[in-house]
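What's counted below: heavy atoms across the whole structure, side chains too, no hydrogens, waters or symmetry copies. In what follows, chains carry the letters A, B, and so on, assigned in the order in which the sequence lines appear, proteins first and then strands, with residues in each chain numbered from 1.
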There are 2 protein chains.
Amino acid sequence: MDITAVDTQATKMAGLVIDILAFSKNGPQICPVRDVLDRIGDKWSLLAILHLGTAEALRFNELRKLIDGISQRMLTVTLRSLETDGLVTRTVYAEVPPRVEYRLTGLGHSLLGAVIELVTWAKVHAPAIAQARLAAAASQVPA
Amino acid sequence: MDITAVDTQATKMAGLVIDILAFSKNGPQICPVRDVLDRIGDKWSLLAILHLGTAEALRFNELRKLIDGISQRMLTVTLRSLETDGLVTRTVYAEVPPRVEYRLTGLGHSLLGAVIELVTWAKVHAPAIAQARLAAAASQVPA
DNA sequence: CAGAATCCGGTATGATACTG
DNA sequence: CAGTATCATACCGGATTCTG
């Protein structure tokens, strides 16, 4: 990739971003971009979506085991808010003991695609970020 | 897209996610996916990256005006942490009054690509989410 | 099993004032 | 202009206990 190609792509991305940000200013309601980012910007939503993307359906305690470190409370809260936003469905089976299954909706699957992009980026560039942090720490306390 | 195609794509995404999550378990250090999500999961980082993606370079107060509602303090904190992670560069010009320019690094631009995917999703599906929320609110207080 | 309710601390964020 | 320093606070999220 030569300089010209880089420039072209950068310009293209800039145009896309400008469109998005312009859109976010329109209308009387809050910015949809911020709104969605707030939703997925919490500690567990994206992880829940990722794990739900690995199976057709998952039960509450299955998710609890898969998402390492999540508390019962936060799993409940997270799933409810994802349900409210139409990203997952919650199905209760009238049995005893109770069984509840969660699965991604079509909307949830469409988000999964974008999320995979992001975590793939994270996976690929994690070493670069770690290195940058080390370099920053080193220049912080040189003596 | 027929049922088979949907299934195939869903299976493919599931495989990708499994790879990513498996990777995140490896090694003694913390999960890189969570690490990066924590970084960009704060309130302002993604917005700063998006705006920096619209121009070659931006000054402190230019960003301040562009990112509506951000406080001086949070802009500073956000930019510093992005700098620490190697996503933006900070250039101080020895002038008076001082001038400081921020611009995305190559790493930052690569993240911008994934972020654009995400916010584009947000832009497209914001109405669907809004509708889901309304439906949830309606079923909440039916009487 | 799958939660609901409650309490509680830490941290992220905001407001304000001061400075090189 | 581009911060830093300090204080105030809201709310996120964890631990615990109780329930259908």
Test of understanding: with ring pair (Phe, Tyr, Trp, His ring centres under 6.0 Å), list the residues that count as partners of B:Trp121, not counting sequence neighbours.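 Per chain and number, B:Trp121 pairs via ring pair (Phe, Tyr, Trp, His ring centres under 6.0 Å) with B:His125.
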
Can you tell me the distance, in whole Å, between the CG atom of B:Leu63 and the P atom of D:dG3?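 Taking atom P of D:dG3 as the reference, CG of B:Leu63 is at 10 Å.
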
Rounded to whole angstroms, how far apart are CG on B:Asp38 and P on D:dC12?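 Atom-to-atom, B:Asp38 to D:dC12, this comes out as 15 Å.
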
Pairwise side-chain contact, [X] with [Y], heavy-atom cut-off 4.5 Å (strictly under):
| X | Y | answer |
| --- | --- | --- |
| B:Leu79 | B:Leu63 | yes |
| B:Ile40 | B:Leu37 | yes |
| A:Lys43 | B:Arg34 | no |
| A:Leu118 | B:Glu117 | no |
| B:Leu50 | B:Leu112 | yes |
| A:Arg64 | A:Ile67 | no |

B:Tyr102 side chain N/O closer than 4.0 Å to the phosphate oxygens (OP1, OP2) of D:dC1?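 For D:dC1, neither OP1 nor OP2 has a side-chain N or O of B:Tyr102 closer than 4.0 Å.
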
What string of B, S and - do you get for nucleotides 13-20 of chain D, 5' to 3', when a contact is any protein heavy atom under 4.0 Å? BBB----B

If you count heavy atoms of other groups shown closer than 6.0 angstrom to CD of B:Gln131, is the number above 12?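 No.
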
Please evaluate residues A:Arg39 and A:Leu87 with respect to the criterion side chain to side chain contact (heavy atoms under 4.5 Å, CB included), reporting the C-alpha separation (whole Å), side-chain torsions for both, the decisive distance (0.1 Å), and the verdict. CA-CA 11 Å; A:Arg39 140 101 5 278; A:Leu87 296 171; 4.1 Å; yes

Helical bend (five base pairs per end, nearest 10°) for the helix from C:dC1-D:dG20 to C:dG20-D:dC1: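 Both end axes considered, the difference amounts to 50°.
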
Should B:Leu82 and B:Val92 be regarded as members of a common hydrophobic cluster, given that ILVMFWY residues are connected when their side-chain heavy atoms come within less than 4.5 Å of each other, either directly or indirectly?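 Yes; B:Val92 is reachable from B:Leu82 via cluster members.
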
Answer with base, sugar-phosphate or nothing: what part of the nucleic acid does B:Arg64 contact at a heavy-atom distance below 4.0 Å?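 No contact.
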
Range on DNA chain C touched by chain A, heavy atoms, distance below 4.0 Å: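 In short, chain A contacts DNA chain C from C:dC1 to C:dT6.
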
Does any residue of residues 76-84 of chain B have a heavy atom under 4.0 Å from DNA chain C, and if so, which ones, in number order?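 Contacting residues: none.
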
With sequence neighbours excluded, residues passing salt bridge (charged side-chain N to carboxylate O under 4.0 Å, His left out) with A:Arg103: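 Listed in chain order: A:Glu56, A:Glu101.
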
A:Lys12 vs A:Thr8, test: side chain to side chain contact (heavy atoms under 4.5 Å, CB included). Steps then yes/no. CA-CA 6 Å; A:Lys12 193 165 150 193; A:Thr8 302; 5.7 Å; no

For B:Ala136 against A:Thr84, the heavy-atom pair lying closest together: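 Reported closest heavy-atom pair: CB-CG2, 3.8 Å.
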
